[in-house]
Participant: 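Sharing a structure with you now.
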Amino acid sequence: MGTLWQNGTFFTLGDQNETVEAVYVVDGRIAAMGAKEQLLEQFKESITEIKDVAGGYVYPGFVDSHLHMIGHGEKLLRLDLSQATSSLEMEQWLTKKAQANEDEKWVIAEGWNEYNFPDEKIFTRYELDKMSPHKPLYASRVCRHAALVNSEALMLAGITKETPNPQGGVIERDEQGEPTGYLMDTAVDLIKEVMPPVDRKYVYQALKLSVQDLLAHGITGGHTEDMNYYNGFSETLDVFQSLIHKEGFRFRTNFLIHHEQMDAMKKSGYGSGKLTDYLEIGSMKIFADGALGGRTARLSEPYSDDPENYGVFMHSEDAFKELVQKARDYQMPVAVHVIGDAALEQALDALEECPPVEGRDRLIHLQVARPELIERIKPLKVILDLQPRFVVTDFPWVEDRLGSERLASSFAWKTLLDEGLHCAGGSDAPIEPPGPLLGMHAALTRRHPDDKVHEGYLPEQKLSRYEAVQLFTSGSAYATGMEERRGKIALGFDADFTVLSHNLFTCDIEEYLTADVLMTIVDNTVMYEKEAR
């Protein structure tokens, strides 16, 4: 007994031009595909339901290879500063938030980006004190590798002139050595330790909002790193299990486990592999460095616009190798956040010394990669986890950070593919918006959507349409070792489909930005359907 999906154009991604008219599904897996009339005749005794995709264009389910699902939900819940277009607007929004609810003990906001402001202003603690004179204020930067806090927050965290920079973090200071209120990477954790704890109800609400929004963007699954921020491994996993199974939110979720939660995972009796049809534990997550925005990504040569600064390593060389070996002891691959080339080099040293026992390692972001480092990646059992939208938001200021000489080997997605390396595509939501079509558009144009005359930053690095779609389909499947079951419309593959209003291989590239998600189908079940107008 099965389901026939019909009345659409189904792109198999066996190759760019291969399409079928209909797909027949049994027990959540594709059993046959081809001409509609042929399938109707062949399976007329066993077809129990016929589903119509309303003339849409059907693709293998889009999967975001790197995001923070609960964090994305938090952005939907909190004051979102990512849309502020001036420092004055940010100031007004924070002031209004501070005055809005007397019951809230902190003012918390997300996503400010000084490069969205004409004056590129970064507020000081004293300016924030005027916006929120009676409550501690915390506003994370768009990259989530930095935050602004006011004097009340610094006092609660015990951060003073004498407080040293933690390993992997920076407390920015004025000429007198006093903290300015701008904290980077692990220095932000000093504030988080004194912020009000989140309860399970809040985490559940954030996750539910997130999954609903992801499904509406045509996303059938995601590889997410959430386990170290919301009361630990067990409670976070329980929230996912409750939403996905008790409420029936079908969404393919692969967990990256922060290295600090590995022991808790083991103690709870879990390890790498499938938990349910929709939940699986993948890799151990390690941060090797910070981000280019706050100049904490670790470079082999100093920042061009800050000649005394190389960025930060999150771990010493020995400590990093110990973490990789710990993953191997747990029979797990690693997923390493690497943005700077020196951080990439540190990661490669460890991966070469301690190759994976099971699965594939992944290198996440990989924004600065010297050619000789790319050569070292080739023999490794590894996938590169890319976020095309970073080209939109990081240029042109990243040119100031890196200078022209390093730029040619930075954000070089086409080079990586041409070198035969396997790549997956993600958004890093909430850092970037989660829509795969936005990511594909960025991969194709390498410019801001509003700047239609720009030739694109490093235009030689533009991907083809087929390559861009593959990042979010077969690439994401390969990242979790599911390339024989997901990422294509093929016999035996899971019935996960994204149905769009447009043919991505023939439409105008700008129509990637306006195409509608008509349906999101997970495990043969419609989890989102656009309302008829």
Side-chain angles (χ1 to χ4, degrees), residues 66-68 71-72 75 81-82 110-116 120 122 138-149 165-172 182-192 225 228-229 256 258 285-306 309-315 320 335-347 362-369 384-403 406-407 410-413 426-433 442 457:
H66 182 66
L67 77 165
H68 307 269
H72 175 55
K75 186 177 182 180
L81 299 173
S82 65
E110 296 262 351
W112 60 271
N113 184 351
E114 71 273 23
Y115 295 107
N116 289 341
E120 297 186 5
I122 297 177
Y138 170 91
S140 65
R141 193 180 181 276
V142 62
C143 61
R144 278 199 163 190
H145 282 264
L148 290 174
V149 297
N165 287 335
Q167 172 67 41
V170 177
I171 301 170
E172 186 184 74
Y182 188 28
L183 308 174
M184 285 158 270
D185 283 290
T186 58
V188 178
D189 295 339
L190 302 176
I191 299 293
K192 289 182 178 180
E225 195 257 302
N228 198 42
Y229 317 107
L256 308 185
H258 191 285
K285 174 72 179 290
I286 310 172
F287 286 86
D289 65 345
L292 289 170
R295 299 185 185 85
T296 54
R298 182 70 183 196
L299 304 176
S300 57
E301 299 293 333
Y303 282 85
S304 297
D305 56 358
D306 189 1
N309 184 12
Y310 288 77
V312 297
F313 284 119
M314 292 296 175
H315 309 279
F320 188 90
V336 187
H337 166 113
V338 285
I339 289 184
D341 60 329
L344 174 58
E345 190 166 10
Q346 182 188 64
R362 68 171 83 189
L363 298 170
I364 304 171
H365 307 314
L366 206 81
Q367 290 178 359
V368 185
L384 310 182
D385 205 334
L386 312 178
Q387 293 70 46
R389 276 279 303 185
F390 285 164
V391 174
V392 173
T393 52
D394 290 5
F395 283 82
W397 59 259
V398 76
E399 299 179 45
D400 297 330
R401 295 283 192 277
L402 298 177
R406 280 182 293 203
L407 208 58
S410 303
F411 298 77
W413 316 144
S427 65
D428 206 8
I431 313 305
E432 297 290 337
Y457 296 103

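Given the structure is predicted, the values throughout are model-derived calculations rather than measurements. Because only heavy atoms are used, hydrogens play no part in the values below, and waters and symmetry mates are left out as well, while side chains stay in.
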Participant: Do S304 side-chain atoms and L402 backbone N/O form a donor-acceptor pair below 3.5 Å?
Facilitator: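 A pair under 3.5 Å: yes.
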Participant: For the pair Q367 and V338, evaluate side-chain contact (heavy atoms from CB on, under 4.5 Å) and give the outcome as yes or no after the intermediate values.
Facilitator: CA-CA 8 Å; Q367 290 178 359; V338 285; over 6 Å; no
Participant: Tell me whether the rings of F287 and H258 are parallel (<30°), tilted (30 to 60°) or perpendicular (>60°).
Facilitator: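 Rings of F287 and H258: tilted, 30 to 60°.
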Participant: With sequence neighbours left out, what residues match E114 under salt bridge (charged side-chain N to carboxylate O under 4.0 Å, His left out)?
Facilitator: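 Result, salt bridge (charged side-chain N to carboxylate O under 4.0 Å, His left out) vs E114: R141.
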Participant: I'd like to know if the side chain of Q387 pairs up with that of H365 as donor and acceptor (distance under 3.5 Å, no hydrogens or angles considered).
Facilitator: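 Result is yes, a qualifying pair exists.
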Participant: I need the minimum non-hydrogen distance between L344 and A369, along with the two atoms involved.
Facilitator: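 Residues L344 and A369, closest heavy atoms: CD2-CB, 3.8 Å.
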Participant: Do K285 and N228 have side-chain heavy atoms sitting under 4.5 Å apart?
Facilitator: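 K285 vs N228: side chains apart.
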Participant: Does T296 use its side chain to pair, donor to acceptor, with the backbone of A291 at less than 3.5 Å?
Facilitator: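 Between the backbone of A291 and the side chain of T296 there is a qualifying donor-acceptor contact (under 3.5 Å).
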Participant: State, to 0.1 Å, how close F313 and A342 come at their nearest heavy-atom pair, and which atoms those are.
Facilitator: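 That would be CE2-O, 3.7 Å.
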Participant: Is the shortest side-chain heavy-atom distance between M314 and R298 below 4.5 Å?
Facilitator: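 A side-chain contact under 4.5 Å is absent here.
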Participant: Of all heavy-atom pairs between A347 and V336, which one has the smallest distance, and what is that distance?
Facilitator: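 Minimum heavy-atom separation between A347 and V336: CB-CG1, 4.1 Å.
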Participant: Would you indicate whether the side-chain heavy atoms of V188 and Y138 approach each other to under 4.5 Å?
Facilitator: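 Contact flag for Y138/V188 side chains = yes.
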Participant: Could you pull out the closest heavy-atom pair between A442 and P388, with the gap in Å?
Facilitator: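 Heavy atoms only, the tightest pair is CB-O, 3.6 Å.
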Participant: Can any side-chain N or O of R401 pair as donor or acceptor with the backbone N or O of Y303 at less than 3.5 Å?
Facilitator: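 Looks like no, no N/O pair under 3.5 Å.
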Participant: Tell me whether R389 contacts the main-chain N or O of E432 through its side chain, where contact means a donor paired with an acceptor under 3.5 Å.
Facilitator: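 Flag not set: sc R389 to bb E432 has no pair under 3.5 Å.
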Participant: Would you find a donor on one side and an acceptor on the other, under 3.5 Å apart, between the side chain of H337 and the backbone of I364?
Facilitator: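 Side chain of H337 to backbone of I364, a donor-acceptor pair under 3.5 Å: no, none is there.
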Participant: Looking at every non-hydrogen atom in both residues, tell me the closest pair between P430 and K75 and how far apart they are.
Facilitator: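 For P430 and K75, the tightest heavy-atom pair comes out as O-NZ, 3.0 Å.
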Participant: Would you say that Y115 contacts T393 through its side chain, given a criterion of any heavy-atom pair below 4.5 Å between the two side chains?
Facilitator: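 A side-chain contact under 4.5 Å is absent here.
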Participant: Passes salt bridge (Lys or Arg N to Asp or Glu O under 4.0 Å), R295 versus D305? Steps please.
Facilitator: CA-CA 9 Å; R295 299 185 185 85; D305 56 358; 3.1 Å; yes
Participant: Could you check whether any side-chain N or O of D341 sits under 3.5 Å from a backbone N or O of S300, counting only pairs where one atom can act as donor and the other as acceptor?
Facilitator: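 Judged by distance alone, yes, a pair lies under 3.5 Å.
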Participant: So, F411 versus Y457, ring centres under 6.0 angstrom or not?
Facilitator: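 No; Y457 has its ring centre 6.0 Å or more from that of F411.
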Participant: Main chain of A343, side chain of D289: is a donor-acceptor contact present, judged purely on distance under 3.5 Å?
Facilitator: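 Not a single qualifying donor-acceptor pair exists.
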Participant: Can you name the nearest heavy-atom pair linking I339 to G290, along with the distance?
Facilitator: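 What the structure gives for the nearest pair is CD1-O, 3.4 Å.
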